[in-house]
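Note that ligands are numbered from 1 as they come in the structure, with each ligand's atoms numbered from 1 the same way. Because only heavy atoms are used, hydrogens play no part in the values below, and waters and symmetry mates are left out as well, while side chains stay in.
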Amino acid sequence: MADSHVKMAQTTPQEVIVAVVAGLLAPLLAIVLIVQLVLGFQKEHKPDTSGEAAQQATLSRIKPFAQLAALDASAPKVEKSGQEVYDTACTACHAAGALGAPKFDNKGDWGPRIGKGYDTLIKHAIEGFNQMPARGGNGDLSDVEVARAVAYMANSGGASFKAPEAEAATAAATPAAADAAPAAASSSKPDPAKGKAVFASNCAVCHATGVAGAPKVGDKAAWSARISQGFETLHNNALNGIRGMPAKGGNPSLPDADLVNAVGYLFTEAGGKL
Ligand code: HEC
Ligand code: HEC
């Protein structure tokens, strides 16, 4: 009796272990089986990517990236907006006014600087000015990106400089873009007087000061060889882009009639006869 009692006392812990292990294994096994079931189920129902509908869906999913890549091909890179440039490259000093930088959104700081004119401010931001490092210390920024950031900042301080991307947005938002079709009918007749305003808002950012190697407006030496190509070739090159010149000056929504007028303006300002 005492013997069997001892034996029972000895086996009980083993039984407990077996019971515990079995108790653990059972749910584990169940989990493994369920996971396998789910995986198998997913495999069976994997979308058939060879189907036309599936390919269409894939195309529409990657379209935004494909379009970015297409933009990339016509321009050296996708230009950032003024706000994006400011947020990444200028805010470090211009948010709080470090080193005496004119503060964002501060009319007192920007007033006298705005008086220098957009072109001078762009020049100073590109080349550097006293404690202001060239391109805010970010050599990767293009001239246009810096110009946009300058407009974004100066406008926060009371200026109304027209940055290229703001133009593109308003042109797309106003019915003017929709009017483009009838206007394009007379596209072979450039109107330089109308082109002046188009130039100011779409082309001046490069052609006013000659940034990025753009021929400066009214600079006969820079334009004479170009003018001898004839108006149609110049219009075509401005339409499709050539070397550093982005297609339509980087504004895809610019109506062709406006482009024709702007080229006409550049053409006649440099002494070309239409
Ligand atoms: C390291 C700090 C720093 C960074 C980064 C910086 N700035 Fe500045 N910026 C300054 C300072 C300091 C001044 C004032 C210089 C002066 O007037 O002596 C200034 C002045 C300016 C001015 C006015 C120039 C003038 O003629 O009055 C412009 C425009 C400007 N910055 C644009 C930019 C842009 C655009 C960026 C980003 C791409 C940028 N800055 C990034 C420090 C900076
Ligand atoms: C981002 C800067 C930039 C903008 C914006 C821009 N251009 Fe240009 N443009 C250039 C550069 C750079 C060249 C010189 C290209 C070359 O010959 O290498 C150029 C050249 C040209 C030429 C001469 C092409 C040739 O065959 O010699 C015309 C015409 C022209 N631009 C018209 C325009 C018009 C019109 C606009 C506005 C709708 C405009 N550009 C906006 C940078 C720009």
Side-chain angles (χ1 to χ4, degrees), residues 75-76 79-80 82 84-104 109-110 112-118 120-154 157 159 161 164 167 190 195 198-217 222-223 225-231 233-251 254-256 258-267 270 272:
E79 305 268 348
K80 289 207 227 17
E84 283 166 340
V85 174
Y86 171 76
D87 285 346
T88 53
C90 323
T91 182
C93 298
H94 285 273
L99 304 172
K103 284 198 283 293
F104 190 83
D109 281 4
W110 279 100
R113 298 183 190 266
I114 290 167
K116 300 179 185 179
Y118 190 26
T120 303
L121 293 181
I122 293 173
K123 189 167 185 284
H124 288 170
I126 288 175
E127 294 173 359
F129 184 68
N130 299 329
Q131 297 262 63
M132 161 72 202
R135 293 175 205 272
N138 186 339
D140 286 347
L141 292 176
S142 71
D143 290 356
V144 172
E145 286 173 326
V146 173
R148 286 174 179 172
V150 170
Y152 178 70
M153 268 200 279
F161 297 144
E167 273 325 296
V198 180
F199 170 82
S201 45
N202 291 281
C203 326
V205 61
C206 296
H207 286 277
T209 51
V211 295
K216 216 167 138 179
V217 59
W223 279 98
R226 300 178 192 270
I227 284 174
S228 61
Q229 299 179 94
F231 179 81
T233 303
L234 290 180
H235 169 221
N236 218 26
N237 291 346
L239 182 66
N240 300 307
I242 178 166
R243 294 176 292 266
M245 164 71 199
K248 292 187 164 190
N251 179 356
L254 187 71
D256 191 50
D258 283 359
L259 183 70
V260 164
N261 291 339
V263 175
Y265 172 72
L266 282 165
F267 194 82

So if I count the atoms of ligand 2 from 1 in the order they appear, which ones are less than 4.0 Å from some heavy atom of Asn237? 25 (C), 26 (O)
Between Gly115, Gly82, Ala101, flag the one that comes closest to atom 11 (C) of ligand 1 by a heavy atom. Ala101
In Å, rounded to the nearest 0.5 Å, how long is the span from CZ of Arg113 to OG1 of Thr120? 12.5 Å
Using a 4.0 Å heavy-atom threshold (strictly under), name the region of Leu266 that reaches ligand 2: side chain, backbone, both or neither. side chain
Closest non-hydrogen protein atom to atom 41 (C) of ligand 1, residue and atom name please, with distance? Gly136 CA, 3.5 Å
Consider ligand 1: state whether an atom of it lies below 4.0 angstrom from any non-hydrogen atom of Met153. yes
For atom 12 (C) of ligand 1, closest protein heavy-atom neighbour: Leu99 O, 3.2 Å
Below 4.0 angstrom from a heavy atom of Val263, which ligand 2 atoms are there? Numbered from 1 as shown, please. 35 (C)
Quick check for you: to the nearest 0.5 Å, what is the distance between His235 atom NE2 and Asn240 atom CG? 8.5 Å
Separation between OH of Tyr152 and CG of Asp87, rounded to the nearest 0.5 Å: 5.5 Å
Atom 15 (C) of ligand 1 - nearest protein heavy atom and its distance: Phe129 O, 3.7 Å
Identity and distance of the protein heavy atom lying nearest atom 4 (C) of ligand 1: Cys93 SG, 3.3 Å
Among all protein heavy atoms, pick out the one at the shortest distance from atom 22 (C) of ligand 1; state its residue, atom name and that distance to 0.1 Å. Trp110 CH2, 4.1 Å
Within a distance under 4.0 Å of any heavy atom of Ala262, pick out the atoms of ligand 2 and give their elements. 35 (C)
So the atoms of ligand 2 within less than 4.0 Å of a heavy atom of Val144 turn out to be 1 (C)
Working to the nearest 0.5 Å, report the span between CH2 of Trp110 and CE of Met153. 4.5 Å
re atom 37 (C) of ligand 1, the protein heavy-atom contact at minimum distance is Cys90 SG, 1.9 Å
May I ask you to check whether Asn130 and His124 show a side-chain donor-acceptor distance below 3.5 Å? no
Nitrogen or oxygen of Lys248 less than 3.5 angstrom from that of ligand 2: no
Specify whether Tyr118 and Phe161 have parallel, tilted or perpendicular ring planes, treating 30° as the upper limit for parallel and 60° as the lower limit for perpendicular. parallel
Spacing of OG1 belonging to Thr209 relative to NZ belonging to Lys123, to within rounding of 0.5 Å: 9.0 Å
Minimum distance, heavy atoms only, to atom 17 (O) of ligand 2: which one of Arg226, Met245, His235 is it? Arg226
Met132 SD to His94 NE2 via atom 8 (Fe) of ligand 1, rounded to 10°, gives 180°
For ligand 2, is any non-hydrogen atom under 4.0 Å from Leu254's backbone (N, CA, C, O), its side chain (CB onward), both, or neither? side chain
Return the CG to CZ distance between Leu121 and Phe129, rounded to the nearest 0.5 Å. 9.0 Å
Show the atoms of ligand 1 that are less than 4.0 angstrom away from any heavy atom in Pro133. 1 (C), 3 (C), 43 (C)
Proximal atoms of ligand 1 relative to Leu141 (non-hydrogen, under 4.0 Å): 38 (C)
Candidate with minimal heavy-atom separation from atom 14 (C) of ligand 1, of Ala98, Ala95, Pro102, Ala151: Pro102
Could you identify the single nearest non-hydrogen protein atom to atom 18 (O) of ligand 1 and state the distance to 0.1 Å? Asn130 ND2, 2.9 Å
Asn138: heavy atom below 4.0 Å from ligand 1, yes or no? no
Run through Asp143, Val144, Asn138 and flag the one making a side-chain contact (heavy atoms from CB on, under 4.5 Å) with Leu141. Asn138
Any nitrogen or oxygen of Arg243 lying under 3.5 Å from a nitrogen or oxygen in ligand 2? Just yes or no. yes
As an exercise, identify every atom of ligand 2 less than 4.0 angstrom from a heavy atom of Leu259. 35 (C), 38 (C)
Answer side chain, backbone, both or neither: which part of Val205 comes under 4.0 Å from ligand 2, heavy atoms only. side chain
Looking at ligand 1, does Ala92 have a heavy atom less than 4.0 Å from it? no
I want to know if ligand 1 touches His124 in the polar sense, i.e. an N/O pair below 3.5 angstrom. yes
Asp258 side chain to Val198 backbone, donor-acceptor under 3.5 Å: no
Please determine whether Cys206 has a backbone or side-chain N, O or S atom lying under 2.8 Å from atom 8 (Fe) of ligand 2. no
Any idea which of Cys203, Ala200, Gly249 brings a heavy atom closest to atom 38 (C) of ligand 2? Cys203
Could an N or O of ligand 2 be found under 3.5 Å from any N or O of Asn202, whether backbone or side chain? no
Is it true that, when you exclude Lys248 itself, more than 12 heavy atoms of the residues, nucleotides or ligands shown sit nearer than 6.0 Å to its NZ? yes
If every non-hydrogen atom of Ala125 is compared with every non-hydrogen atom of Val146, which pair is closest and at what distance? CB-CG1, 3.6 Å
Geometric N/O contact Lys116 with ligand 1, under 3.5 angstrom: yes
Quick one: does Arg113 get an N or O within less than 3.5 Å of an N or O on ligand 1? yes
Close approach, Gly137 and ligand 1, non-hydrogen under 4.0 angstrom: no
Counting heavy atoms only, which part of Trp223 comes closer than 4.0 Å to ligand 2: side chain, backbone, both or neither? side chain
Report yes or no: does Pro246 have a heavy atom closer than 4.0 Å to ligand 2? yes
